[in-house]
Amino acid sequence: MKCSRCKQPAFVKIKRHNASFCESCFELFFSRQVEGAIKKHRMFLKEEAVLLGVSGGKDSMALWDYLRSAGYKVWAIHFDLGIGEHSVHSRRIVEDFARAHQLPLTVVATKDSLGYTIPELVQRTRHRSVCSLCGLVKRYLLNRFAFEKNFTVYATGHNLDDEAATLLGNVLHWQIDYLAHQHPTLPSPHPKMVRKVKPFYTLTEEEIRIYVRLKNLPFIEERCPLSRRAKSLDYKEALELLEDKSPGTKHAFLFEFLEKAQKFFTPKETVNLKECQICGMPTTQEVCSFCKIMQKVKAKEENSCTY
Ligand code: SF4
Ligand code: ZN
C-alpha cells in the first residue's frame, strides 16, 4: 500500500476519502481538515485566546495537542467532578500534560467551587438524570469562567461521529430546536455567553485515534462510571453499519445536512435571554436552572439540620 500523496509506503487507509497515507502525509491531511474547519466556519484567529475544554479523553487531548503545536493561543479548562477514581485519573492526565508542555490550565473542582462533587449533588437533588445535572453544572461553570476571564470562544473535541450520531438522534425524534442549533460554530446569543466551536467536526473518531497513536498522547480510556449506555452509542453503531457497507455515509449525512437542510430549521424568532435574578448569568427564566438546583440543595441542608 502506497501513500496516495507521496507514493512512499503508507501506514493507514482512509476509506471515506479513498486514500492511503504515510505518517507525514497523514499529519498533513489531519492539519488540513482542522484548518479548513476553523477557516470555513470562522471559529477563531491565531491571535485569539481560545478556551478549550479538556476532559482527558482522546478527542480533547488530541485537540489540545494539535492547537498548541499549530501555534494557537489555548487556555485549557478541566472540570474535576469528584467521580471517584475516574476523576482522579482524568485530572492527573490533564495536569501532567500541561506541566510537560508548559501549557496554561485551570482545574475547576466542583467540590471546591460549589461545595459538592457531582455524585453528592445528584444525591441531594434526587435529579432524574446524572448526566443532565452534570452537563448543566459544567455548562454553567464554563460560561461563568469564560465571562469572568474575558474569553469569547470555547472549543470542544466533538468529532464527525459524535455530530452524525447527534444528528441521527435529533432527526429520529424531530428535535427541531436542536437541529436548528447543530452547527460547528454556535454564535454567542448573549454578551455573557461564549461562542462555541468544534474544530474536529470533519474528522472521524478513527482518524483522531490514529493521530493520538502517532503522537503518543496520553488519554483516559475508561468511560465515566456514571454514564449509562447512552443512546448516542446506539446511533453510532447504526451509522457504523451503514458506513461499513458504503464508506462516506456518515460524512455525507452530516455535511449535506449542514449545507442543504439546516437552513430550514433556523428559528424565525430569537430567544430572549434575560439575566438571572440571583447570579446574573443569562437565562430564559427569572432564576436560572443552576441557581434553582443550588437553592434546592441549600433548602434540603437547612431542613435536615436538627438541633
Ligand atoms: Fe458527567 Fe455523565 Fe459525562 Fe459522567 S458521563 S462526566 S456524569 S455527563
Ligand atoms: Zn443563576
Side-chain angles (χ1 to χ4, degrees), residues 4-5 12-21 25-44 53 57-60 62-63 66-67 135 153-189 194-212 230-271:
S4 313
R5 203 175 151 265
V12 68
K13 186 170 173 63
I14 308 288
K15 275 202 205 153
R16 70 186 175 114
H17 286 295
N18 197 18
S20 304
F21 294 118
C25 291
F26 174 79
E27 277 193 50
L28 190 67
F29 155 80
F30 194 91
S31 146
R32 282 183 175 162
Q33 291 289 321
V34 188
E35 296 300 331
I38 293 173
K39 266 199 199 83
K40 182 170 181 186
H41 296 284
R42 297 187 183 153
M43 293 183 179
F44 42 80
K58 71 171 183 339
D59 300 322
S60 58
L63 185 53
Y66 176 81
L67 293 177
V153 57
Y154 174 63
T156 57
H158 289 93
N159 59 43
L160 195 154
D161 294 68
D162 299 326
E163 293 300 291
T166 303
L167 177 59
L168 182 59
N170 289 341
V171 168
L172 288 176
H173 298 99
W174 289 115
Q175 303 267 28
I176 306 293
D177 282 358
Y178 292 157
L179 287 168
H181 292 107
Q182 190 174 349
H183 201 269
T185 293
L186 255 190
S188 155
V194 272
R195 184 166 82 251
K196 296 195 174 121
V197 298
K198 301 168 183 167
F200 273 178
Y201 87 100
T202 68
L203 287 161
T204 63
E205 214 155 282
E206 185 50 28
E207 289 153 15
I208 294 170
R209 206 172 274 282
I210 296 167
Y211 178 85
V212 164
K231 272 260 173 278
S232 62
L233 294 178
D234 297 334
Y235 299 146
K236 277 187 183 174
E237 269 177 23
L239 286 167
E240 215 41 65
L241 218 77
L242 297 170
E243 182 76 20
D244 250 11
K245 294 205 186 298
S246 44
T249 302
K250 282 184 292 196
H251 180 115
F253 180 51
L254 178 66
F255 285 43
E256 291 185 15
F257 162 74
L258 291 173
E259 270 156 36
K260 299 177 186 163
Q262 206 205 20
K263 55 182 178 233
F264 298 116
F265 298 98
T266 309
K268 291 193 180 62
E269 293 161 9
T270 48
V271 182

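Sorted by first then second residue, the salt bridge (charged side-chain N to carboxylate O under 4.0 Å, His left out) pairs that include residues 162-174, not counting sequence neighbours, are D162-K236, E163-K198. Sorted by first and then second residue, the salt bridge (charged side-chain N to carboxylate O under 4.0 Å, His left out) pairs with a member in residues 28-41 read K40-E259; sequence neighbours excluded.
Rounded to the nearest 0.5 Å, atoms OH (Y201) and CG (L160) are 9.0 Å apart. Note that NE2 of H183 is 9.0 Å distant from OG1 of T266, once rounded to the nearest 0.5 Å. Here T156 contributes atom OG1 and L63 contributes atom CG; the two are 8.0 Å apart, rounded to the nearest 0.5 Å. We find the CG-CG distance between L239 and D234 to be 11.0 Å, quoted to the nearest 0.5 Å. Atom CG of L242 and atom OG1 of T249 lie 6.0 Å apart (nearest 0.5 Å). Taking CG from L258 and OG1 from T202, the interatomic distance works out to 11.0 Å, rounded to the nearest 0.5 Å.
The nearest pair of heavy atoms linking G53 to S60 is O-CB, 3.5 Å. Across all their heavy atoms, A37 and P199 have their closest contact at CB-O, 3.6 Å. Considering all non-hydrogen atoms of both residues, S232 and A165 come closest at O-CB, 3.9 Å. Considering all non-hydrogen atoms of both residues, E243 and G248 come closest at OE2-N, 2.8 Å. Closest heavy-atom contact between S31 and Y66: OG-OH, 3.5 Å.
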(request) Could you please spell out the steps behind the salt bridge (Lys or Arg N to Asp or Glu O under 4.0 Å) verdict for R16 and E206? (result) CA-CA 11 Å; R16 70 186 175 114; E206 185 50 28; over 6 Å; no

(message) Pair F30, F200 - check ring-ring contact (aromatic ring centres under 6.0 Å, His included), show working.
(response) CA-CA 9 Å; F30 194 91; F200 273 178; 5.5 Å; yes

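Under the ring-ring contact (aromatic ring centres under 6.0 Å, His included) criterion, Y178 pairs with no residue at all, not counting sequence neighbours. Not counting sequence neighbours, H158 has no partner by the ring-ring contact (aromatic ring centres under 6.0 Å, His included) test. For K13, the side-chain contact (heavy atoms from CB on, under 4.5 Å) test picks out M1, N18, S20, with sequence neighbours left out. Annotation: salt bridge (Lys or Arg N to Asp or Glu O under 4.0 Å) contacts of D161 (sequence neighbours excluded): K250.
By the 4.5 Å heavy-atom criterion applied to side chains, L67 and F44 are counted as neighbours. Taking the side chain as every heavy atom from C-beta outward, I14 and E207 approach each other to under 4.5 Å. Residues L167 and Q182 are in side-chain contact: their nearest non-hydrogen atoms beyond the backbone lie under 4.5 Å apart.
Counting only distance, with no hydrogens or angles, the side chain of R195 and the backbone of T185 share no donor-acceptor pair below 3.5 Å.
Ring orientation note: the planes of F29 and F21 are close to parallel, at an angle under 30° on the 30°/60° scale.
Ring centers of F257 and F264: at least 6.0 Å apart, outside the cut-off.
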